[in-house]
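Got a structure here, written out as structure tokens. Questions coming.
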Amino acid sequence: MTTYRSDLLRLLDERGYIHQLTDASGLDEAARAGIVPGYIGFDPTAPSLHVGHLVSIMMLRQLQRAGHKPIVLMGGGTGKIGDPSFKDEARSLLGEETITANIASIKRVFERFLTFGNGPTDAIMLDNAEWLDALEYIPFLREIGQHFSVNRMLSFDSVKLRLDREQSLSFLEFNYMILQAYDFLELSRRADCRLQMGGSDQWGNIVNGIELARRVDGRQMFGLTTPLLTNADGTKMGKTVGGAVWLNEEQLPTYDYWQFWRNTQDADVLPRLKLFTDLPMDEIARLGELGGAEINEAKKVLANEATALCRGSAAASDAAETARRTFEEGATGDALPRLQVDGSIGVIAALTGLGLAASNGEAKRKLAEGAVRVGGEKVSDGQYEIRPGAEPLRVSLGAKRHGILVAKASI
């Protein structure tokens, strides 16, 4: 393990955030000498970010905890193009109204993880549409485009993947890496930003920005990437049968968010505690040593801590209590997803309406597998009609996913 001298790199290293560094000794020294503003970019392609973005959000949080300045860059400009990195096909182009609404929705989550303000280490949020929308094409080509080699751009893994598969890569998408590099240059000028961080798939884009700033402004910049996060079984973290694990409450109930963390595989508990909580390292080490049935206590701590950061302490406590009542007492809880029913509802509509199944097809498969229970009784008939009475009625998909049906008159 590399020995770092700055609090920043020691913190990031011991918690498992560091995969690649462009100039480890240079960044280490800069972080010891003063405040290092660092940024990560997020394209507003949906009203909420998801768990796949969370390691980046937590890295900005750790940057601030270590006494440095986080910069959240919203891709109001680049979001109109879409990052082609390791995508099989082009993203659908979003309109400006949708992008603006998505940014407003996403910002609420960042306000829970970071302290924003005007102080030297307070976080700031910028939108690259501020400078990208104003670019003039010919001056941009002359001043910025001359510093990029197409041969080198074609060698990046994110581009090669699409070309090797003979999948279309539009000129629009090909420009994305140039615009991201230009973002780093602009942030250097506007906010004294010296560090860009991101996932390992962003390495080529980050290096482009560092080289552009050196060539144009002669400035030393730094890049840092995190490892690709996978579960112990090799699957991508955050991918579930129910779809994306969204950070905003409107996209995913807090109980489901809590359950995502509670269902962490045994081998993943220790690294997840390091990356996604603020617990002291000695406490994380203690929890990581738990084995057998005791590992479930560590999973509950992970679920409580991660949910409290994203949804607030009160919501985390409610979700934990609902889980306790659901599994230990067989009762219903306030934090479970609820659906109001006027009269009766088909079991397939109930499963999709509660978010327990992502589609009618999935609901039918689960019914056929015998994985669905209504009020504790197994149901396999897709035509089954459910009629809630005076008491809430629990619908379960497997042992860990539950929702509540409530008669309209009782609400």
Side-chain angles (χ1 to χ4, degrees), residues 38-61 70-116 123-135 158 170 172-173 175-177 179-180 182-184 186-187 190-191 193 196-199 201-202 205 229 236-240 242-254 256-257 260 306-307 309-312 315 337 355 358:
Y39 98 94
I40 300 177
F42 301 86
D43 279 342
T45 56
S48 171
L49 300 179
H50 54 72
V51 162
H53 297 104
L54 194 55
V55 67
S56 293
I57 297 173
M58 286 298 297
M59 194 154 51
L60 288 172
R61 181 178 175 85
I71 301 171
V72 180
L73 181 66
M74 298 309 302
T78 45
K80 297 171 186 175
I81 297 175
D83 184 356
S85 297
F86 300 97
K87 303 294 188 299
D88 289 336
E89 57 185 20
R91 282 176 170 159
S92 300
L93 299 183
L94 301 178
E96 290 197 24
E97 288 186 5
T98 300
I99 290 174
T100 299
N102 288 348
I103 290 175
S105 180
I106 289 168
K107 184 176 181 179
R108 292 184 288 115
V109 166
F110 281 102
E111 289 171 342
R112 293 173 181 167
F113 286 90
L114 302 171
T115 300
F116 286 83
I124 58 173
M125 178 177 282
L126 300 175
D127 183 348
N128 63 14
E130 183 179 344
W131 51 87
L132 295 183
D133 283 1
L135 285 177
S158 57
S170 72
L172 188 68
E173 294 174 285
N175 273 269
Y176 186 96
M177 62 182 73
L179 296 179
Q180 184 170 327
Y182 184 71
D183 282 344
F184 202 2
E186 278 289 332
L187 289 172
R190 292 168 181 254
C193 183
Q196 182 180 173
M197 302 180 290
D201 61 332
Q202 295 298 314
N205 291 336
L229 287 185
K236 190 173 182 180
M237 180 190 165
K239 295 294 184 182
T240 69
V245 181
W246 300 106
L247 302 186
N248 283 42
E249 295 92 329
E250 294 82 359
Q251 278 69 42
L252 184 73
T254 296
D256 288 345
Y257 188 79
F260 167 77
T307 304
L309 283 174
C310 185
R311 303 292 181 86

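Please read all numbers here as calculations on a predicted model, not as lab measurements.
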If you take all heavy atoms of G198 and M59, which pair is closest and at what distance?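 Residues G198 and M59, closest heavy atoms: N-CE, 4.1 Å.
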Report yes if the side chains of F113 and V72 come closer than 4.5 Å at any heavy-atom pair, otherwise no.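 Answer no - side chains too far apart.
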Step-by-step side chain to side chain contact (heavy atoms under 4.5 Å, CB included) determination, V51 to M237: CA-CA 8 Å; V51 162; M237 180 190 165; 3.3 Å; yes
Taking all atoms of both residues into account, what is the closest heavy-atom pair of P253 and R311, and its distance?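 Residues P253 and R311, closest heavy atoms: C-NH1, 3.6 Å.
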Apply side chain to side chain contact (heavy atoms under 4.5 Å, CB included) to residues N128 and L179 and explain how you reach the verdict. CA-CA 9 Å; N128 63 14; L179 296 179; over 6 Å; no
Roughly how far, to the nearest 0.5 Å, is CG of L309 from CZ of R112? 11.0 Å
Are L252 and F260 side-chain neighbours, meaning at least one heavy-atom pair lies under 4.5 Å? no
Any side-chain to backbone donor/acceptor pair from N248 onto E250? Under 3.5 Å, distance only.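 It does not hold such a pair.
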To the nearest 0.5 angstrom, please state how far the CG atom of D183 sits from the OH atom of Y39.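 One finds 5.0 Å between CG of D183 and OH of Y39.
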Verify, without hydrogens or angle tests, whether T100 (side chain) and E96 (backbone) share a donor-acceptor contact under 3.5 angstrom.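 Here the side-chain-to-backbone pair exists.
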Roughly how far, to the nearest 0.5 Å, is the CD1 atom of I71 from the CE atom of M125?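 So the gap between those two atoms works out to 12.0 Å.
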Please round to the nearest 0.5 Å and tell me the distance separating atom CG of L73 and atom CD of E130.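 That separation rounds to 10.0 Å.
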Of all heavy-atom pairs between C193 and F184, which one has the smallest distance, and what is that distance?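 Result for this residue pair: SG-CE1, 4.0 Å.
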State the CD-CG distance between Q180 and L132, to the nearest 0.5 angstrom.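 The distance works out to 10.5 Å.
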Working to the nearest 0.5 angstrom, can you tell me the gap between L247 CG and L49 CG? 6.0 Å
